[in-house]
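All remarks here apply to the structure that follows.
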Amino acid sequence: MSFLPLEIASEYFSYERLVDNGNEFLLRRFSAINEANGITDYFHNQAMKDEKDNSVRNYVVKIRGTEVLIACFTLKSGSIPYIDNAVNLTFSKETKLIPGVELVNIALNDYSLKIIKGLGIKAGRNIFYDIIQPIVKHISQEIGTKVLYLFAVNEKLAEYYKSWGFYSIEDELYNEQLNSSWQNKYSQNCIFMYKPVTEIE
């Protein structure tokens, strides 16, 4: 059994490492909603390879007490550039790096969409607040991180992440630099967004 950071208090969901309990076979029944083919392809063909070389940690989310796959997400350690603090990110001669955690992938399972809708909740938001944030908070307490960050694929998704408490950066140079240096191969020209760990409950 792989290390799980902590118990979670989600009423509906449980989570496990991808490498545990035969979860790799569950990926055969995973297809990211909204035709996010890059994420689907990642979990089908690359996720286990990245696990084995310690590049990332992949997780599956299930209906509590069942083997019904609801979502997958990926966390990765990293650093981002800043000057003054985690709320004023920019590039200059004084740029430094601060430790962070990247939410690389998060997607609900299209095959389970009817079940998800039947719950009558905002499943993505629930997973983020009840599972992902507690993991990131725990990581911060154990090894020290200052920011959770991600790359939104478009403006619509960026607005959605803002409702989760993420900030975007107006500096176009900053976004360009991060896209070229930090971004996944399958999703270039995305919108960098971040949430200070101090704002995670």
Side-chain angles (χ1 to χ4, degrees), residues 1-10 13-20 39 42 46-61 71-107 124-152 158 160-171 173-184 187 190-201:
M1 175 67 72
S2 298
F3 171 69
L4 284 176
L6 71 169
E7 293 294 324
I8 58 152
S10 174
F13 306 121
S14 63
Y15 81 110
E16 297 172 356
R17 286 277 309 281
L18 174 60
V19 296
D20 289 335
I39 294 179
Y42 172 80
Q46 188 63 37
M48 289 302 295
K49 296 175 185 176
D50 286 351
E51 280 281 345
K52 290 175 181 176
D53 72 7
N54 288 319
S55 295
V56 303
R57 287 294 174 255
N58 291 295
Y59 300 87
V60 297
V61 178
C72 294
F73 67 93
T74 307
L75 295 176
K76 177 181 179 181
S77 63
S79 299
I80 59 169
Y82 87 116
I83 291 182
D84 296 321
N85 55 54
V87 185
N88 186 21
L89 304 171
T90 185
F91 280 105
S92 83
K93 293 180 180 178
E94 291 79 32
T95 295
K96 301 175 183 178
L97 293 176
I98 58 171
V101 175
E102 181 180 357
L103 179 55
V104 185
N105 300 299
I106 179 171
R125 184 180 182 88
N126 185 287
I127 290 167
F128 177 73
Y129 279 96
D130 289 354
I131 298 176
I132 296 173
Q133 282 203 152
I135 292 173
V136 172
K137 190 73 170 181
H138 180 77
I139 291 170
S140 177
Q141 292 168 345
E142 292 295 320
I143 64 171
T145 59
K146 289 191 173 183
V147 65
L148 172 63
Y149 62 97
L150 54 77
F151 291 87
Y160 184 61
Y161 290 140
K162 284 180 182 178
S163 74
W164 292 1
F166 281 87
Y167 301 92
S168 58
I169 302 296
E170 299 301 325
D171 186 341
L173 174 61
Y174 191 93
N175 276 291
E176 289 175 6
Q177 290 273 16
L178 288 186
N179 268 284
S180 63
S181 301
W182 271 265
Q183 190 49 287
N184 295 305
S187 52
C190 292
I191 301 164
F192 171 78
M193 304 187 75
Y194 70 99
K195 185 171 187 176
V197 170
T198 55
E199 295 184 14
I200 294 177
E201 298 295 331

_With rounding to the nearest 0.5 angstrom, report the CG to CZ distance, D130 to R125._
10.5 Å
*From I131 CD1 over to N126 CG, what is the distance, rounded to the nearest 0.5 angstrom?*
7.0 Å
*Any chance the rings of F128 and Y160 have centres within less than 6.0 Å?*
no
Side chains of [X] and [Y]: closer than 4.5 Å at any heavy-atom pair?
X    : Y    : value
C72  : N58  : no
R57  : E51  : yes
L103 : L75  : yes
Y15  : I135 : yes
K146 : T198 : no
L148 : W164 : no
P196 : Y167 : yes

*Would you sort out whether V19 and M48 count as a side-chain contact (heavy atoms from CB on, under 4.5 Å), showing the intermediate values?*
CA-CA 8 Å; V19 296; M48 289 302 295; 3.9 Å; yes
*Please work out which of the three classes, parallel, tilted or perpendicular, describes the rings of F73 and Y59, given edges at 30° and 60°.*
parallel
*What is the ring orientation for Y194 with F192, classed by angle as parallel under 30°, tilted 30 to 60°, or perpendicular over 60°?*
parallel
*Distance-only, no hydrogens or angles: does the S140 side chain make a donor-acceptor pair with backbone N or O of T145 under 3.5 Å?*
yes
*Keeping the roles fixed (side chain from K195, backbone from I200), state whether a donor-acceptor pair exists under 3.5 Å.*
no
*Please assess I191 against Y161 for the test side-chain contact (heavy atoms from CB on, under 4.5 Å), listing each intermediate value before the final yes or no.*
CA-CA 11 Å; I191 301 164; Y161 290 140; over 6 Å; no
*Of all heavy-atom pairs between D50 and D53, which one has the smallest distance, and what is that distance?*
O-OD1, 2.8 Å
